Amino acid sequence: MIAAHRRYLERQPEGQRLMLKGANLAGVNFSRQRLDMAVLAGSNLVGANMQISHFDNADLFGANLAQANLTDAFLTGADLRGANLSRAVMLRCALEGADLRAGQLMVWTGKNKGRSVPAVADLKGADLRHANLGDVDAAEADFGQADLRSANVYSANFFGANLSGADLRGANFGRARLKGARLNNAKVEGASFIGADLREAEMRNVDLDSAVTAGAMLLMSVQSASLHTLPVAIRGMIEQHAQWIESNGAGGKRLILTGASLAGLNLVACDLSGADLTACDLTETNLSDAKLCLTQMPGARLDRCKLNNADLSGANLGQVVGQNALLLGTNLSPMPILTAEGRPSGREFPVNLAGAILKGADFRGADLRGAVLDGADLTESNLCSTDLRGARWQQAVLTGSARIGCRTN
């Protein structure tokens with residue numbers, strides 16, 4: 001078949017285009033083969049050896065290329081919509097103009113019955129060092145924890161893509177379109193974002209000072225404060241925590257700062273989800289726009305602490321104490337509990353504010369649905385325009401609090 005395909009490409013007699021839709025080609029050796037324009041949509045190519053092979057303009061829609069070896073391979077203009085390239089080795093792979101957008105895959109559920117399932121191109125953990133992704137369309141593709149060191153991503157479309165935990169050191173993202181992309185916990189030292197569109201991008205725990213961002217559009221992006229302003233020990237622990245988050249606990253180290261003082265630190269937009277900040281002193285700490293999902297903070301000191309627009313879904317703030325804390329627009333809603341497969345379980349962790357003493361706190365516009373406020377003291381707090389539907393507040397003290405526009409049912 002490969003010989004017939006070669007004759008097809010050379011327009012010789014008896015040539016025939018290679019068409020193997022949905023074929024099982026796991027572990028097959030395609031090394032050094034010329035398979036431009038081949039049709040392998042939906043095929044199983046797990047662990048296939050495709051080194052130095054040519055798949056330019058090939059149809060690999062929905063193909064499974066997990067752990068395949070694509071070192072020095074050519075996939076220029078290839079259709080990789082919805083393909084699975086997780087943990088694939090793609091050193092120096094040429095992907096100019098390839099299509100890595102999401103695809104609609106048909107899943108058969110019975111005789112003559114099927115349903116269309118959306119699938120993003122999955123490149124989680126892929127090795128793309130020195131790869132050429134210039135002008136690639138990778139809108140909404142998943143590059144989580146991928147290695148893109150020194151890759152060329154010039155003028156590529158990464159709209160809404162996931163690059164969380166990815167290693168982007170030395171990569172060229174000049175004029176790339178990254179609007180709405182997630183780069184949380186990514187390494188960007190020496191990376192170039194000259195003229196890139198990073199509007200509305202999320203870049204928590206990212207040291208943008210170590211990258212080149214001249215002419216980049218950053219309007220409405222979420223950026224952590226410069227980590228270089230933090231004490232060296234704290235900065236190192238946050239970096240370890242970032243790895244812990246992205247690896248789901250397999251790497252790095254959870255941030256545990258029980259009883260520590262973080263007073264006055266600038267932690268804007270940092271991702272401290274799941275951290276243990278029990279009894280921490282957060283006096284005048286700036287945690288605006290921070291991600292604190294499921295963070296343990298019981299007994300913490302929150303005097304004049306800024307938590308505006310922070311995400312505290314599922315957090316434990318039981319018995320925190322603070323005067324004039326700012327929680328404008330803060331998300332204090334329940335955190336949905338997922339199954340081992342990542343699906344909604346129907347259960348959720350509510351935010352715990354039981355016994356909290358937050359006199360004079362400003363909660364304007366905060367989402368407190370389902371929050372546990374039993375015994376909390378919110379004297380003279382501002383609860384205007386908050387959403388308190390489903391919240392519990394037995395024996396809560398609300399003396400002098402403002403509740404104009406507050407939703408309770």
Side-chain angles (χ1 to χ4, degrees), residues 90-98 100 123 125-230 232 234-236 238-243 245-246 266-271 286 288-291:
M90 305 175 75
L91 278 79
R92 299 177 297 278
C93 185
L95 286 152
E96 302 101 309
L100 284 159
L123 292 99
D127 188 343
L128 287 153
R129 286 174 292 167
H130 300 282
N132 190 346
L133 292 96
D135 291 312
V136 159
D137 192 344
E140 299 183 348
D142 190 349
F143 289 85
Q145 294 189 286
D147 191 342
L148 286 144
R149 280 177 288 173
S150 299
N152 175 31
V153 198
Y154 186 83
S155 194
N157 180 18
F158 274 59
F159 178 87
N162 177 33
L163 289 153
S164 294
D167 193 339
L168 310 178
R169 289 176 290 179
N172 180 12
F173 280 87
R175 300 186 66 83
R177 287 156 284 169
L178 291 148
K179 185 177 180 180
R182 299 185 302 283
L183 292 89
N184 299 327
N185 306 313
K187 297 176 182 177
V188 298
E189 184 179 356
S192 172
F193 294 94
I194 295 174
D197 185 354
L198 286 158
R199 289 174 296 170
E200 300 175 28
E202 196 173 306
M203 296 175 281
R204 303 179 190 278
N205 300 354
V206 173
D207 186 8
L208 270 185
D209 290 345
S210 66
V212 182
T213 58
M217 291 181 280
L218 295 161
L219 184 67
M220 296 182 69
S221 62
V222 177
Q223 305 170 51
S224 294
S226 176
L227 298 180
H228 293 294
T229 64
L230 300 175
V232 174
I234 297 295
R235 184 168 73 238
I238 289 176
E239 290 171 351
Q240 284 290 307
H241 187 71
Q243 295 177 32
I245 292 171
E246 293 303 327
N266 187 354
L267 296 168
V268 169
C270 280
D271 189 350
N286 192 347
S288 297
D289 291 308
K291 198 167 184 179

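For clarity, every value in this text was computed on a predicted model and none was experimentally measured.
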Enumerate the residue pairs fulfilling salt bridge (charged side-chain N to carboxylate O under 4.0 Å, His left out) with a member in residues 150-171, sequence neighbours excluded, ordered by first and then second residue. R149-D167, D167-R169

In the structure I gave you, are the side-chain heavy atoms of D127 and L91 within less than 4.5 Å of one another anywhere? yes

According to the side chain to side chain donor-acceptor pair (under 3.5 Å) rule, which pairs have a member within residues 186-197, sequence neighbours left out? D197-R199

In Å and rounded to the nearest 0.5 Å, what is the CG to CG distance from L230 to L267? 5.5 Å

Throw together a table of side-chain donor-acceptor distances under 3.5 angstrom for residues 203-211, partners on residues two or more places apart or in other chains.
unit_1, atom_1, unit_2, atom_2, d
R204, NE, E202, OE2, 3.2
R204, NH1, D289, O, 2.2
N205, OD1, D271, N, 2.9
N205, ND2, N185, OD1, 2.8
N205, ND2, D271, O, 3.1
D207, OD1, D209, N, 3.4
D207, OD2, H228, NE2, 2.7
D209, OD2, S226, OG, 2.8
S210, OG, D207, O, 2.7

To the nearest 0.5 Å, how far apart are CG in L95 and CG in D137? 12.5 Å

What are the two closest non-hydrogen atoms of S221 and L198, and how far apart are they? CB-O, 3.4 Å

Any chance you could measure T213, atom OG1, to F193, atom CZ, to the nearest 0.5 Å? 9.0 Å

Specify the closest pair of heavy atoms between A141 and L100, including all atoms of both residues, with the distance to one decimal. CB-O, 3.6 Å

How many angstroms lie between CD in Q145 and CD in Q243, if you round to the nearest 0.5 Å? 9.0 Å

Can you list the residues that meet the side-chain hydrogen bond (donor to acceptor under 3.5 Å, both in side chains) rule with S155, with sequence neighbours excluded? D135

For E96, all residues meeting side-chain contact (heavy atoms from CB on, under 4.5 Å), sequence neighbours excluded: T76, A94, N132

Work out which heavy atom in A138 is nearest to a heavy atom in A161; give both atom names and the distance. O-CB, 3.7 Å

Roughly how far, to the nearest 0.5 Å, is the CG atom of L168 from the CG atom of L128? 10.5 Å

Among residues two or more places apart or on two chains, list those pairs meeting salt bridge (charged side-chain N to carboxylate O under 4.0 Å, His left out) that have a residue in residues 152-163. none

Minimum heavy-atom separation for A269 to S224, with atom names? O-OG, 3.1 Å

Of the non-hydrogen atoms in A156 and L133, which two are nearest, and what is the gap between them? CB-O, 3.5 Å

Take atom CZ in R175; do more than 12 heavy atoms of anything else shown fall under 6.0 Å from it? no

Are F173 and V188 close enough that some pair of their side-chain heavy atoms sits under 4.5 Å apart? no

So do the side chains of F158 and L183 get within less than 4.5 Å of each other, counting heavy atoms only? no

When every non-hydrogen atom of M90 is compared with those of A126, the smallest separation belongs to SD-CB, 4.4 Å

